[in-house]
Amino acid sequence: AGDNFALQVTARVYGRYQQMLKDANALDFDDIILLTVKLFQQFPEVLQKYQRRYRYIMVDEYQDVNSVQDRIFAAIAQGSKRFMVGDIKQSIYGFRGANPALFSAYRRQYPIYDAERALPENMTVFLSENFRSQEPVLACTNAVFNALFPIAGDTVPYEKQDHLVCGKQGDRSASPVQIILLESAKRQRAEEKEETFEAVSEAEFVAEQIQNLLKEENRAPSDFAILLRSVRTKRELFEKALQKRSIPIAKSDSSHFFEEPEIRLMVSLLTVIDSPFQDIPLAAVLQSPLFGITLDELALIRQNAKKGTFYDALCAFTEENDFTKGKYFLEQLSQYRAYAATESVDRLIWYLYRQTGVFALLGHQYAGKAMQEAAKKRLKRFYHLAKDFESRTYHGLYPFLNYLKEQMERKSADIADSGKDGVQIMSVHHSKGLQFPVCFFCGLGSRINTDDLRKRVYICNEFGVLPQ
C-alpha cells in the first residue's frame, strides 16, 4: 500500500474481514469463485470429478463473464465441450468485473462456421437474424454501432457478421426511425440546471407529438411508450407535459404497492426464507395470520434468550417448551427453503401462495369483497413481477430481494399496470420484451456519468488497485 493512507486502511480492514469470515466458517460470493479456482489447481482429482460429471458446459451472456469465471468454465470444459453464447453489444456489467475481451478473443480464435466446409472442432456461429424488431429499427441500430464500435479499437471487434438482419418475412413497410435534434429555448432563470431545462423542452416536444398523433392517426394513449435511461429523475417532467394536454398516463402505484399488508407479508416471508437471521421480517411473519404467534408469545421467546438472533431464540424456546406454533413454523420454513434452493422465484412465490392459503386468509384481513379482489390482484401482480425478473439475466431469491429493495427505495414507477389505457413511461431496462406501436426514446443527449474518474481509488482488471 506504500504511503497511501486509504489503501493502508483498506488492507487492514480486508485482513480483518477475511479473518471474521474464517472464524464464522463462511465465504462471501467472490471467495466462492476464487477458491473454486484454487481448489481445482491444488486438487486435480476434484477437477477431474467435475470434468467427468458434465459432458457439455453451456454458458449464456458470455460477454458478462469475468476472468476468474472463465478459468472455471475452461477447466471443467476441457477444450471443445463449451458452448458460449454472447453479444458484445450487450456488455454493460464492466463495473462488476465483466471482461468482454474474453468473448472477443474466443471469436477471433475460432473459424467462422461455413456450411460448405467440414465442421472444425471449435467454431464461431453468428446468430444475426432478429425476429422481434422491424427493419427500420434494425437499420438504425446497425448504423449507430457502425459509428461507435470502431472507437473501441480491436478490443471489441465489430464486423459485417455483427449486423442485425430482419427475420420477419414481408415486414418492410414499417415507419422509419426518426432522430430528432432539439434546440432548447433559453433558460428563464439562471439557477436552472441546463440538463434539467433540456429535459423539460424534450418532454414538451414529446407530449405535443403524442397529442398530434392521437388526433391524426386515431391512436389510443396505450399505443405510446416513453423510454428513459432512468425514470427516477425525469418521469415527473413528462407527466406534467402530458397532463397539461389532458393525455392519460399509465400510472403506477408502486410507491403504495409495497406498503400493502399482503405484499409486505410476502416480502418478509421471502426475506426469512433467504435468511431467517433477520429479526424484523421474522417477527412480522411469525405474528401474521400465516402462523398466528401473538405479541405476548414473541415477548416470551425473546425473554427466554435475550442475546443472539430472534431465530436462535425461537429454536431454543420451541425445543425447551415443546412450542407447537414454533414447531409448525420451523417445519414449514425448512420446506420453503428446500423448495427455494432448486426453483425460480416466481415458482417459489406461487408455491407459497398454495402452501400458505394466503388468498383464503384475505377474507380475515379485508371485510368487503371488492377489497379482497384488489388484494388478490396485487398478489398476482407480485407473482408476475417475479416472473418478469426471472426472464432477465440474473436469477434467484437473493438478487430478487435486492431488486425489490431498489424499487422500494426509488419508489420506482417501472412496476406499471400495463392494462391501463395511458401512455407508458418506463426505463429502457424494464421495457425488455414489451412492444408498443410508437416509442419515444428520450434523454439521449444526457451527459455520460464520469464519477469513476473522480474516485480516489480505482479498481482495474489489468493493473489492480490504483490510487490517485
Side-chain angles (χ1 to χ4, degrees), residues 28-30 32-34 36-37 50 54-110 112-113 122-133 137-138 141-142 144-145 148-149 152 155-159 161-165 167 227 229 342-347 385-403 406 414 427-434 459 461-462:
D28 63 19
F29 181 74
D30 291 328
I32 291 174
I33 298 176
L34 184 61
T36 299
V37 174
Y50 287 99
Y54 298 111
R55 186 175 179 185
Y56 299 108
I57 308 295
M58 294 179 282
V59 187
D60 196 8
E61 309 290 359
Y62 215 94
Q63 77 280 350
D64 294 327
V65 163
N66 62 42
S67 301
V68 182
Q69 292 167 332
D70 179 65
R71 289 181 66 178
I72 294 173
F73 298 142
I76 298 176
Q78 283 185 295
S80 59
K81 297 198 303 183
R82 199 170 11 156
F83 186 81
M84 299 171 281
V85 179
D87 183 358
I88 296 296
K89 298 187 293 296
Q90 295 186 43
S91 180
I92 60 172
Y93 294 105
F95 61 91
R96 293 177 178 168
N99 185 1
L102 292 169
F103 188 62
S104 299
Y106 286 120
R107 241 178 64 163
R108 288 196 195 95
Q109 181 182 346
Y110 301 150
I112 297 174
Y113 167 72
N122 296 302
M123 59 185 152
T124 297
V125 180
F126 285 90
L127 306 175
S128 302
E129 280 193 295
N130 182 300
F131 296 93
R132 174 177 291 177
S133 301
V137 173
L138 298 179
T141 302
N142 288 335
V144 170
F145 285 126
L148 292 180
F149 267 79
T155 306
V156 185
Y158 188 73
E159 303 162 353
Q161 293 89 343
D162 289 296
H163 289 188
L164 298 172
V165 178
L227 307 181
R229 278 185 63 188
T342 59
E343 298 292 341
S344 62
V345 178
D346 56 314
R347 290 175 65 88
L385 182 67
K387 195 169 185 179
D388 176 63
F389 176 83
E390 284 287 333
S391 69
R392 299 173 191 161
T393 304
Y394 287 91
H395 315 288
L397 180 54
Y398 181 71
F400 180 65
L401 289 171
N402 282 338
Y403 167 73
E406 178 184 315
D414 284 335
S427 69
V428 175
H429 180 68
H430 285 86
S431 69
K432 180 180 178 181
L434 302 179
I459 309 298
N461 285 336
E462 185 175 357

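When a residue number appears, it is its place in the shown sequence, counting from 1.
Rounding to the nearest 0.5 Å gives a distance of 11.5 Å between CD1 of I72 and OG of S67. In this structure, OG1 on T124 lies 6.5 Å from CD1 on I112, to the nearest 0.5 angstrom. Rounding to the nearest 0.5 Å gives a distance of 8.5 Å between OH of Y62 and CD of Q69. Interatomic distance, N130 CG to L138 CG, rounded to the nearest 0.5 Å: 4.5 Å. Expressed to the nearest 0.5 Å, how far CD1 of I76 lies from OH of Y54 amounts to 7.0 Å. One distance of note links NE2 of H163 with OG of S128; it measures 9.5 Å at 0.5 Å rounding.
Using a 4.5 Å heavy-atom threshold, the side chains of I88 and F149 count as touching. The shortest side-chain heavy-atom distance between F103 and V65 does not fall under the 4.5 Å cut-off. Side chains of I33 and F29 form a contact here, defined as non-hydrogen atoms less than 4.5 Å apart. Residues R107 and E159 form a side-chain contact, since some pair of their non-hydrogen atoms from C-beta on lies under 4.5 Å apart. Side-chain atoms of L102 and M84, non-hydrogen and from C-beta on, never get closer than 4.5 Å to each other.
The side chain to side chain contact (heavy atoms under 4.5 Å, CB included) check on A75 picks up F40, L47, with sequence neighbours excluded. By the salt bridge (Lys or Arg N to Asp or Glu O under 4.0 Å) test, E129 is found to be paired with no residue, residues two or more places apart in sequence or in another chain being considered. Remark: Q109 engages Y106 in a side chain to side chain contact (heavy atoms under 4.5 Å, CB included) (not counting sequence neighbours). D70 meets the salt bridge (Lys or Arg N to Asp or Glu O under 4.0 Å) test with R82; sequence neighbours excluded. In terms of the side-chain hydrogen bond (donor to acceptor under 3.5 Å, both in side chains) criterion, T36 has no residue partners (sequence neighbours excluded). By the side chain to side chain contact (heavy atoms under 4.5 Å, CB included) test, Y398 is found to be paired with D274, N402, residues two or more places apart in sequence or in another chain being considered. Scored by the ring-ring contact (aromatic ring centres under 6.0 Å, His included) test, F83 finds no partners at all (sequence neighbours excluded). In this structure D388 satisfies the salt bridge (Lys or Arg N to Asp or Glu O under 4.0 Å) test together with R392, sequence neighbours excluded. Not counting sequence neighbours, the partners of R71 by the side chain to side chain contact (heavy atoms under 4.5 Å, CB included) test are V37, Q41. Remark: D87 pairs with K89 by the salt bridge (Lys or Arg N to Asp or Glu O under 4.0 Å) rule, at least two apart or across chains.
Proximity of a side-chain donor or acceptor of Q63 to a complementary backbone N or O of N99 within less than 3.5 Å is not detected. A donor-acceptor contact shorter than 3.5 Å links the side chain of N142 to the backbone of L164.
The number of heavy atoms from other shown groups lying within 6.0 Å of CE (M123) is above 12. The environment of CZ in F126 is crowded: more than 12 heavy-atom neighbours from other residues, nucleotides or ligands sit within 6.0 Å.
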